[in-house]
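To start, the structure itself, in structure tokens.
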Amino acid sequence: MSGELLAIFVGALLINNFTLAYFLGLCPFFGVSARLTTAFRLGLANVFVMLITSLAAWGLETFVLVHAPYLRLITYIVVIASTVQFVEMLLKKAAPALFRALGIFLPLITTNCAILALALFQTSRGYGLLQGLVFALGAGGGLTLALVLMAGLREETELSEVPSLLRGTAMSFFIAGVLSLAFMGFAGLFSGSG
Amino acid sequence: MRLPETARLVLTLGIAGTLSGVTIVSTYRLTLPRIQANQAAALERAVLEVLPGGTSMQRLVWGEHGLAPAATGAEGGDSVYGGYDAAGGFVGYAIPAAGAGFQDTIRLIYGYDPGRRRIVGMEVLESRETPGLGDRIFKDPEFVAEFRDLAVEPRVALVKGHGEGPNEVDAITGATISSQAVVRILGQANEAWLPRLPPAAEAPPLPPPQERRPVHPGGERGGPVPGGRAGEGR
Amino acid sequence: MSETPRLVVQPAPFLRPQVTTPRIMGDVLLALLPCLGVAGWLFGIGALLVVAAATVAAVATEWALAPAPRGRSLADGSAAVTGILLGLTLPPSFPLWMAALGGFVAIALGKAAWGGLGHNLFNPALVGRAFLQAAFPIAITTWVPPSGPLALYRGNLALPLMQSAPDAVTAASPLNLMKFQGDTGDLGSLFLGGIPGSLGETSALAILAGGLWLLARRAFDWRLPAGMLLAVAALSALLHGVAPERYPSAAFMLLSGGLLFGAVFMASDPVTSPTSPLGAWIFGAGAGVLVVLIRLWGGLPEGVMYAILLMNAATPLLDRVTQPRAFGHRRWQGSARA
Amino acid sequence: MPDPITPSAELLKGLWRENPVFVQVLGMCPALAVTNSAVNGLAMGLATTFVVVMSSLLVSSVRRWVPKQVRISTYILIIATFVTVADFALQAWTPALHRELGAFVALIVVNCLILGRQEAFASRHSVVPAVADAAGMGAGFTLALVMLGSVREVLGMGSWFGLSLFGPRFEPWVVMILPPGGFLMMGVLLLLFACVADARRRAGGRLYGGREAA
Amino acid sequence: MSLLAGAAGSFRHGVHPAEHKESTAHLPVERMPFAGRFVLPLAQHLGAPARPVVQPGDRVARGQRIAEPGGFVSTAIHSPVTGQVVAIAPRPHPQGRLAEAIEIAVDPFDLQRPPRRPPLAWRELTDDAFAAAVQEGGLVGMGGAAFPTHVKYRLPEGRRVHTLVINGCECEPYLTCDHRLMVERPEAVLRGAAIAAARLGVETTVIGVEANKPDAVTALRAALDGRGDVRVAPLAVKYPQGAEKMLVRALFHQEVPSGKLPLDLGYVVNNVATMAALADWLERGQPLIERVVTVAGPGVRRPANLLVPLGTPVRAVLDHCGGLTADACEVVLGGPMMGTPIASLDVPVLKGTSGILAFTAAEAQQPSEYTCIRCGRCVEACPQLLNPSRLGRLARAGRYEEMEGYFVADCVECGSCSFACPSGIPIVQLIRVAKAALRERKA
Ligand SMILES: Cc1cc2nc3c(=O)[nH]c(=O)nc-3n(C[C@H](O)[C@H](O)[C@H](O)COP(=O)(O)O)c2cc1C
Ligand SMILES: Cc1cc2nc3c(=O)[nH]c(=O)nc-3n(C[C@H](O)[C@H](O)[C@H](O)COP(=O)(O)O)c2cc1C
Ligand SMILES: Cc1cc2nc3c(=O)[nH]c(=O)nc-3n(C[C@H](O)[C@H](O)[C@H](O)COP(=O)(O)O)c2cc1C
Ligand SMILES: Cc1cc2nc3c(=O)[nH]c(=O)nc-3n(C[C@H](O)[C@H](O)[C@H](O)CO)c2cc1C
Ligand code: SF4
Ligand code: SF4
Ligand code: SF4
Ligand code: SF4
Ligand code: FES
């Protein structure tokens, strides 16, 4: 059991990293990775939203959508967005410091593809509650890892003489490409295939 | 006519939601038969592919009373498929199985002949193995052919180089890991299923044609869903 | 009275550094000679052609892509270092056109795109190799047994863009044997060479000779290779001690695969490793841990390349958290930019 | 926006001047995720075009009646509906393609391109320009995906739309159809676009008869 | 390595340039004959420039005060010769611009007797009076910065000093002036130190001398003659051992906090030559009118240690040493690590001029510059434990504000980083420019 959870976690964190292997959540990945601190916070916000999403999707799937699976997409979107907003309000009251750190990123990611994909994958893989939460933790951690590495690298390029045509987006894609190459080394890690 | 603000908002969303619901449901109704037919055809094709000689099939559910045809309304957890020849004679079981591959989960189905205690066919349903490498577990004819007549005793084993034994599978050079994964998945499924499967003579018979229902993969919860069960793309 | 000469006015200090960047690169080239020699001796002409293809392509790409004035950037010799290092990480029967493509990618994507020498974030030779490994995973894992100084392999001569004719004899590298057959071979041949593997990695002796030269010439930060090797040794000794039948010995882990070569020549690339001594230790140790992780629990038999690339990616972060504590400050309270 | 709004101009700008992928860098996730072959790129592009055109059509026709507090929610509802429709249709008529695209069809819902168009254009213009704009954006998106898919398929499999190009002895560059290949090729295409745009800016010329770049 | 050095009583990091001291270390100090004209810039110490108290045409005696302090952090200037003031006008200054200076023509018929007066009763003076007396002598730190010495003896209210540190490191290559002084006049150094110690009320005095000057250690110990309150401490040979914060770290394992002075830890640091000058002034009445200068380098025909009257043109000093070699093309005042390059040989020797070095084309050639390869050598060189690589890169990118986050203000401009850099990056120069820009922005 714990072996399976480890495989789910490492799978989502490293092997099939949402950003670098599944191409999910690229917009914030490229948009908000110019500064290390913001990137890190965005990552944390992602972990947070993903945990909520996983919970919401599991609840929907178990109690609501059993008889109307065709409404899955539309309910996911609506429910995830509103749950996150609700939790955001709670957070504002209960933990204002945390809210200040993460707050501005929440609207940015509540309905982005990484979040929705997390819900869809979790469902299509038939994960239960615990598996889903571990999956969300791994996926969110993976996004954070990718974001933080990316931000560090991008800050470094600012001191370099990057050719002018490459500055900006193309450069970010090359960094992501090489990062993605490097992450291929994690293939099969802890999945019992080694 | 001016509605109060909130009412207006609720009304707008209500109308939009209703229209959206109606559209989705009608599309669902419209496409459902086709989609189910597609899925059933794909499943049937796969089952019959791994059970040479088979021409028809049914889903068998493992429940309290052992293995029983799904058509009888048997409820339970896991299921396999039974394959039958044109005369209605039992050909073998098709067992779906899944496990970790090189990149991600590999889903496959394999045919098992309980009479000869041999695996008689194997097809990969879904994998994200590396194109050109790991995907040779279903693209490499030699590798696939290894599973046409493979003894399950003492256990299915992977060897590098040329395996002679009836239970040995040659690893694909450059895709040892994926090959190993396939063999491991088979082994685990064998362990789980072989003790449960009745010998050919006692296999549940094929019900008469009029009682057959279309087979939906995944059982009750089947049917098309947005995002599908259809893998996760690459 | 003395006639006034035309005086040069330039800022202090007026003493020149004893070590220059081209000299460092020259030292690396010299340090690679034993490996090159062993590669030629064991794997023959084919091996040297592979290295030559990668090097020529790397140098040509540097010449073509570097900012004006053309060719000035060749003077520091780093493009040649990159090319040779790339070549030495390839298998002996590797198609020459692929080696050349690798050389091109190493410099174009690995170096020029970031602004040239000193600005790259990832080890260029390894970027080239990672690209090749992802592009041609079979060719790059096809090993042949050593076949003497006159050998040329059919694989070498594949036409551009085309597959190589399979070589008659292929062999499994020690790590493959360990991973898939649980067979760890004998340590003597791992030390001396004469086993299947990438060109530069087979002889631990030759690599150590090069490493000692670099050490003597202070051409690298010794903490980087030391950290990496120590981490691998410590971790694998621990695992071997706990479960000797499942995990290979530390000696096997140290001598097999590209670990020594990677630690001595590639983890030590100054450009892509942290500048601070503490950062260097962490970099080395992190790479070592990743190698053990990938080798023992990952899908791939070897992980040195990925380990180093991953630590390259973490280098900016390491640099940040290991800034030296400035003199007279309690702890590092710097940087500033949040 | 100083330019006069004519349907043909709206159509064309999406192809080049405001190409959603290469210029606006929107909808990156599907653009990279499914473009390991030209046909997948095309299918994804067309599905997206369908959704964006239909949504724009609906949004621009109902824009007067939707209060602004629930504007976004309504748009999302509309988009999600069309995505579900597209998803079912693909499942029913092209099951093989649907398998390849997988969850990314459903993920069209969150494609920033689509919501962006509703917000930025359809909700402010009448039906004809809105549909023209959406069609242009969809076409630009499709063009970009097919370009990316073509390059990746040609190098990664030696074929184009499934047609073998180099014969059986071609050595495919597997990396191109793997995730890193997507990032790297996208980088290369962006670089090329930047080069062309740069050259064009210097020459003061025009491409595609579009309006002058700023 | 640096670990070992730390254990042996040194500071962390630093560099080991070739010493080049062998050409002059054994040469006794010889007196330089008077040149014809002397130029005495009013700004040759840190702080406010001095104010002239003579007029052109005035006759001045050797040792006569010709300029008064321009403030508290400022000091007096005395005529090095008997002669006549010919001008008070801008003259070439080693810093590279023209600066207001008093020009004096020597009286060729005068005997040029050294100024003498009975010893001053310095023990009886109040603190203020003592500081004023020292200031009257025109004394400045002779270790390089030319900081007015009296300031260090006018302790702020309530401040206690427990140790006097005498800096005999002379860590810069080529220079041997302090070395010769310690060998030839150890008792003068010790007498000055005794005065300083008595005035500061310290219990201990420590003289730090790098281990490459064993004869200086021997001479000082011999002159001590068994006195227990002064300790001579040999130190590892490493640049910049002589920087006061490094010296305190090396001797006492204490780091002077950033932005503070050794004084804040209870140390006062003075150069050996400053001590000798203090003794000469208080005991004999000879103000600071001459100093020992090392003339060396491959571009000098006859290297020497000379006792040079201040204000002597560099050209005259070099001529006295046989002139420059034909291929000499660079002349530096001070040491090769921190010295000032001069564009004209007409600039004078100042109070802070410890050496005149001439280099030939071979040494003066600019190293080819490559990009930073992040090798970390500069990091391991920087005695202030900064990250010069990063500072240099930030400076190149013009991101000066960010440099403050990397403690650019703590840089002592020792040049170790530039010296260590294999890519020939003029890091310390980039830092100087950045610091200047930052100061300008703040102002
Ligand atoms: C980019 C890349 C993709 C790979 N994909 C697979 C794969 O899909 N399946 C697999 O078994 N091994 C894969 N490998 C692993 C190597 O080919 C590995 O060396 C091989 O499985 C060992 O088999 P061998 O002993 O026959 O060489 C991949 C390696 C790389 C670098
Ligand atoms: C890099 C550097 C190196 C120094 N080296 C010496 C030295 O070797 N000897 C010395 O007396 N002063 C040296 N100094 C000056 C000392 O820091 C300090 O100012 C001096 O010893 C104080 O004495 P003074 O005021 O009598 O000159 C150096 C300063 C710096 C910044
Ligand atoms: C702005 C400034 C203020 C100083 N104030 C004092 C002081 O109040 N007391 C003191 O003993 N030394 C003072 N110093 C002298 C320093 O301790 C040091 O001796 C001088 O800066 C020369 O050091 P250096 O030769 O190492 O550069 C001051 C120096 C500077 C630059
Ligand atoms: C000790 C040492 C190791 C090096 N290792 C590599 C290497 O692994 N790969 C590479 O491309 N260049 C290497 N170089 C050369 C150089 O640093 C490299 O080309 C730069 O990364 C290019 O900016 C090395 C240089 C030195 C001094
Ligand atoms: S002035 Fe230069 S040589 Fe002299 S002691 Fe100071 S640092 Fe050393
Ligand atoms: S000049 Fe400044 S940065 Fe360079 S070594 Fe000296 S103190 Fe460090
Ligand atoms: S010594 Fe020079 S090349 Fe090395 S890190 Fe410092 S600045 Fe860069
Ligand atoms: S920063 Fe400017 S003023 Fe300060 S020491 Fe350097 S050159 Fe002199
Ligand atoms: S398309 Fe915008 S985050 Fe994926």
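Protein chains get the first letters and strands the later ones, always in sequence-line order, with residue 1 at the start of each. FYI, side chains are in, hydrogens and waters are out, and symmetry mates aren't considered; it's all heavy atoms of this structure.
Residue B/Asn38 comes nearest to D/Pro95 through the heavy atom pair ND2-CG, 3.7 Å, listed as atom of the first residue, atom of the second, then distance. Shortest non-hydrogen contact noted between B/Glu126 and D/Arg99 is CA-NH2, 4.1 Å. Residue B/Thr31 comes nearest to D/Trp93 through the heavy atom pair CG2-CZ3, 3.9 Å, listed as atom of the first residue, atom of the second, then distance.
Both the backbone and the side chain of B/Ser20 have a heavy atom closer than 4.5 Å to some heavy atom of chain D. Contacts of D/Val105 with chain B are absent, with no heavy-atom separation under 4.5 Å from either backbone or side chain. Contact annotation for D/Pro172: neither backbone nor side-chain heavy atoms come within less than 4.5 Å of a heavy atom of chain B.
For the atom pair OG1 of D/Thr74 and CG of B/Leu19, the computed distance is 11.5 Å after rounding to the nearest 0.5 Å. Here the CH2 atom belonging to D/Trp65 is positioned 11.5 Å from the CZ atom belonging to B/Arg8, to the nearest 0.5 angstrom. To the nearest 0.5 Å, atoms CG (B/Leu32) and CZ (D/Phe88) are separated by 8.5 Å. Rounded to the nearest 0.5 Å, atoms CG (D/Leu77) and OG1 (B/Thr12) are 11.5 Å apart.
Atom CH2 of D/Trp160 has 12 or fewer heavy atoms from other residues, nucleotides or ligands within 6.0 Å. Within a 6.0 Å radius of CZ in B/Arg107, other residues, nucleotides and ligands contribute 12 heavy atoms or fewer.
Side-chain atoms of D/Val85 and B/Thr23, non-hydrogen and from C-beta on, do get closer than 4.5 Å to each other. Contact check for D/Val174 versus B/Leu133: no side-chain heavy atoms found under the 4.5 Å cut-off.
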Derivation of the side-chain contact (heavy atoms from CB on, under 4.5 Å) call for B/Thr130 and D/Leu178 = CA-CA 8 Å; B/Thr130 316; D/Leu178 297 178; 4.0 Å; yes
